[in-house]
Amino acid sequence: MAPSAAQRIVIENCSIATVDANDTEYAHGHLVIAGNRIESVGAGRAPENLENMVRRIDASGHLVTPGLINTHHHFYQWITRGLATDHNLFDWLVALYPTWARIDEEMVYAAAQGSLAMMARGGVTTAMDHHYVFPRGSGDLSGAVIRAAREMGVRFTLARGSMDRSEKDGGLPPDFAVETLEGALAATEETVKKHHDASFDAMTQVAVAPCSPFSVSTELMREGAELARRLGVRLHTHGSETVEEEKFCHELFGMGPTDYFESTGWLGEDVWMAHCVHMNDSDIAAFARTKTGVAHCPSSNARLAAGIARVPDMLAAGVPVGLGVDGTASNESGELHTELRNALLINRLGAHREAALNARQALRLGTHGGAQVLGRAEQTGSLEAGKLADLVLWKMDTLAHASITDPVTALVFGAAAPVTASFVDGRQIVENGRLLHADEDAIAHATRAEAQRLARIAAQR
């Protein structure tokens with residue numbers, strides 16, 4: 001808990017969806033921030049005699065929720081948006097890898113700023129980036145991403161990716177865009193030791209994240225898992241995204257993706273996978289048995305025609321599921337709050353139809369579910385006393401939402417709601433939809449310039 005001398009911020013006269021274990025909600029409630037922690041949350045107005053109160057926010061007309069948590073992204077793709085728009089996953093990768101293989105530190109920093117800015121202004125308080133492209137001589141790409149996240153003020157997990165299966169080995173990336181097995185493991189270990197913070201209120205954490213079964217050798221998968229567990233960090237990769245991937249795994253390994261992951265040590269409560277679209281009953285059972293998490297990316301899955309993930313079945317089985325933007329070359333909007341709506345709507349096109357997901361389940365995916373998947377459910381993902389003060393004030397009394405009685409329904413089913421305020425670690429980072437600690441116009445200019453520079457370099461290949 002925060003010390004009694006901590007400065008306090010009171011938020012009151014608002015609706016509150018805590019997303020705690022009981023889905024506690026208050027139609028008219030208050031929340032007290034003390035330092036970087038939530039001190040109390042409850043019905044009615046906050047007490048008047050609080051010590052060290054520095055601010056009292058009248059949040060009439062607002063819904064307060066936990067901050068949104070993004071569980072899968074590729075920041076560098078911000079500068080390759082709008083390309084290969086009519087491709088499936090494998091064709092899309094083949095089309096874009098030659099361009100991605102030309103990225104450098106300056107490009108990655110600008111792209112990270114763009115990706116983070118778009119998420120933060122839309123209610124994301126915890127972000128992650130799965131960065132796996134490390135061209136030789138490209139600079140400190142991990143450091144660039146971490147610097148951008150620190151400057152933006154969001155809580156952050158870097159999934160330090162890697163690839164060692166190039167075109168000459170039957171993979172998709174160009175030969176010069178991959179690392180050696182030894183180089184990838186050494187660089188990943190160095191990144192963890194330099195940047196990972198295991199403390200309760202950590203702002204930066206690192207996961208071990210070989211890219212995918214079709215761009216990584218079995219040795220890197222197996223030794224990557226061993227490295228992560230030796231260092232005490234989480235594991236992340238892509239899994240079961242397309243039917244082509246499943247065919248690839250059967251042809252190369254003689255088994256489907258889930259069995260392959262299990263054979264290499266890649267199932268467990270310290271693991272989360274992106275996509276998991278093509279999962280049969282035994283796959284879901286294996287994830288449930290091992291508490292392996294899933295990053296559900298509905299917009300990207302639709303953009304690449306990958307299919308509809310069986311999210312209702314995963315949740316029913318007890319699989320931890322969060323939401324992901326995915327890279328903005330396959331989800332050009334780059335916004336997580338729209339994924340609440342898309343997750344609900346797209347899953348209703350599946351076998352469960354109207355019973356697939358409801359508004360509160362969608363909100364849980366984007367908050368508490370994401371915290372579970374990132375291994376941070378004890379610290380964030382719900383509004384409870386003692387947890388970190390990561391929260392969002394959504395304005396619900398405008399034309400877009402005012403006639404919808406239930407604010408959670410309005411947030412999920414309605415248009416993207418304006419963010420009046422977003423707090424991370426008790427520090428406000430957004431006010432009235434604008435970033436407080438970054439210049440959006442400067443970021444837009446920088447990302448456009450770097451996208452153009454990358455396009456020129458790629459055209460010269």
Side-chain angles (χ1 to χ4, degrees), residues 65-81 108-131 144-159 203-205 274 295-300 303 322-343 362-363 365-367 369-371 373-374 376 380-381 390-394 411-412 416-425 427-444 446-447:
T65 72
L68 301 183
I69 297 174
N70 181 38
T71 62
H72 186 66
H73 209 315
H74 308 294
F75 289 175
Y76 74 91
Q77 292 181 13
W78 186 266
I79 56 175
T80 59
R81 294 191 296 165
V108 167
Y109 174 69
Q113 285 187 307
S115 297
L116 287 159
M118 202 67 192
M119 287 187 292
R121 67 200 294 273
V124 168
T125 57
T126 298
M128 71 80 67
D129 181 34
H130 185 192
H131 189 90
V145 173
I146 289 170
R147 176 161 54 98
R150 183 175 62 247
E151 292 169 353
M152 196 66 59
V154 300
R155 209 173 296 283
F156 181 59
T157 295
L158 172 67
M203 292 296 292
T204 303
Q205 296 196 329
H296 176 45
C297 306
S299 293
S300 177
R303 158 69 150 88
L323 290 181
V325 169
D326 203 8
T328 48
S330 66
N331 179 6
E332 276 75 3
S333 77
E335 298 175 302
L336 190 68
H337 59 306
T338 58
E339 299 304 293
L340 300 174
R341 186 174 192 264
N342 290 345
L363 178 59
L365 289 177
T367 54
V373 164
L374 295 183
R376 305 211 64 176
T380 189
D390 298 356
L391 54 103
V392 179
L393 280 68
W394 308 92
L411 179 68
V412 175
V419 174
T420 294
S422 182
F423 291 84
V424 181
D425 214 45
R427 176 178 182 241
Q428 189 172 350
I429 65 167
V430 175
E431 184 169 14
N432 295 324
R434 298 290 293 183
L435 300 169
L436 290 177
H437 309 294
D439 185 333
E440 295 178 26
D441 295 333
I443 292 172
T447 56

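Numbers here simply count residues along the sequence, with the first being 1.
- Proximity of D326 to H74: side-chain heavy atoms (C-beta onward) are separated by under 4.5 Å at one or more points.
- Between A111 and I79, the shortest heavy-atom contact is CB-CG2, 4.1 Å.
- Counting heavy atoms from C-beta outward, Y76 and D129 have side chains that stay 4.5 Å or more apart.
- Side-chain contact between L391 and T125: absent, with no pair of heavy atoms (C-beta onward) separated by less than 4.5 Å.
- Between the OG1 atom in T204 and the CG atom in L158 there is a gap of 9.0 Å [rounded to 0.5 Å].
- At a threshold of 4.5 Å between non-hydrogen side-chain atoms, the residues R427 and H437 count as touching.
- For N342 (side chain) and S299 (main-chain N/O), no donor-acceptor pair under 3.5 Å exists by modelled atom type.
- A distance-only check finds a donor-acceptor pair linking the side chain of R303 to the backbone of A329 [under 3.5 Å].
- For the pair R81 (side chain) and E332 (backbone), a donor-acceptor distance under 3.5 Å is present.
- In this structure the side chain of D425 reaches within 4.5 angstrom of the side chain of R155, judged on heavy atoms.
- Judged by distance alone, the side chain of T420 and the main-chain N or O of W394 form no donor-acceptor pair under 3.5 Å.
- A distance-only check finds no donor-acceptor pair linking the side chain of D390 to the backbone of V424 [under 3.5 Å].
- Between the side chain of T126 and the main chain of I69, no donor-acceptor pair closer than 3.5 Å is present.
- The main-chain N or O of A112 is never found under 3.5 Å from a side-chain atom of S115 such that the two would form a donor-acceptor pair.
- Considering all non-hydrogen atoms of both residues, A371 and T380 come closest at CB-O, 3.4 Å.
- Separation of atoms CD (E431) and CG (L436) is listed at 5.5 Å; rounding is to 0.5 Å.
- Ring-plane geometry between H73 and F75 is classed as perpendicular, the angle between the planes exceeding 60 degrees on a 0 to 90 degree scale with a lower cut at 30.
- When atom types are taken as modelled, the side chain of E440 and the backbone of A117 share no donor-acceptor pair closer than 3.5 angstrom.
- Between H72 atom NE2 and T157 atom OG1 the span is 13.5 Å, to the nearest 0.5 Å.
- Of all heavy-atom pairs between Q428 and A421, the closest is NE2-CB, 3.5 Å.
- Within the 4.5 Å cutoff, the side chain of N331 has heavy atoms near those of the E339 side chain.
- The minimum heavy-atom distance between P66 and T367, with the atom names listed, is O-CG2, 3.7 Å.
- By the 4.5 Å heavy-atom criterion applied to side chains, L68 and H337 are counted as neighbours.
- Between Q77 and S330 the shortest heavy-atom distance is OE1-N, 4.1 Å.
- No side-chain heavy atom of R121 sits less than 4.5 Å from a side-chain heavy atom of V419.
- Rounding to the nearest 0.5 angstrom, the gap separating the CD atom in Q205 from the CD1 atom in I146 is 11.5 Å.
- In this structure, the separation between CD1 on I443 and OH on Y109 is 7.5 Å, given to the nearest 0.5 Å.
- The minimum heavy-atom distance linking E335 with V325 is given by the pair C-CG2, 3.9 Å.
- Interatomic distance, CG of L340 versus CG of L365, reported as 8.0 Å (0.5 Å rounding).
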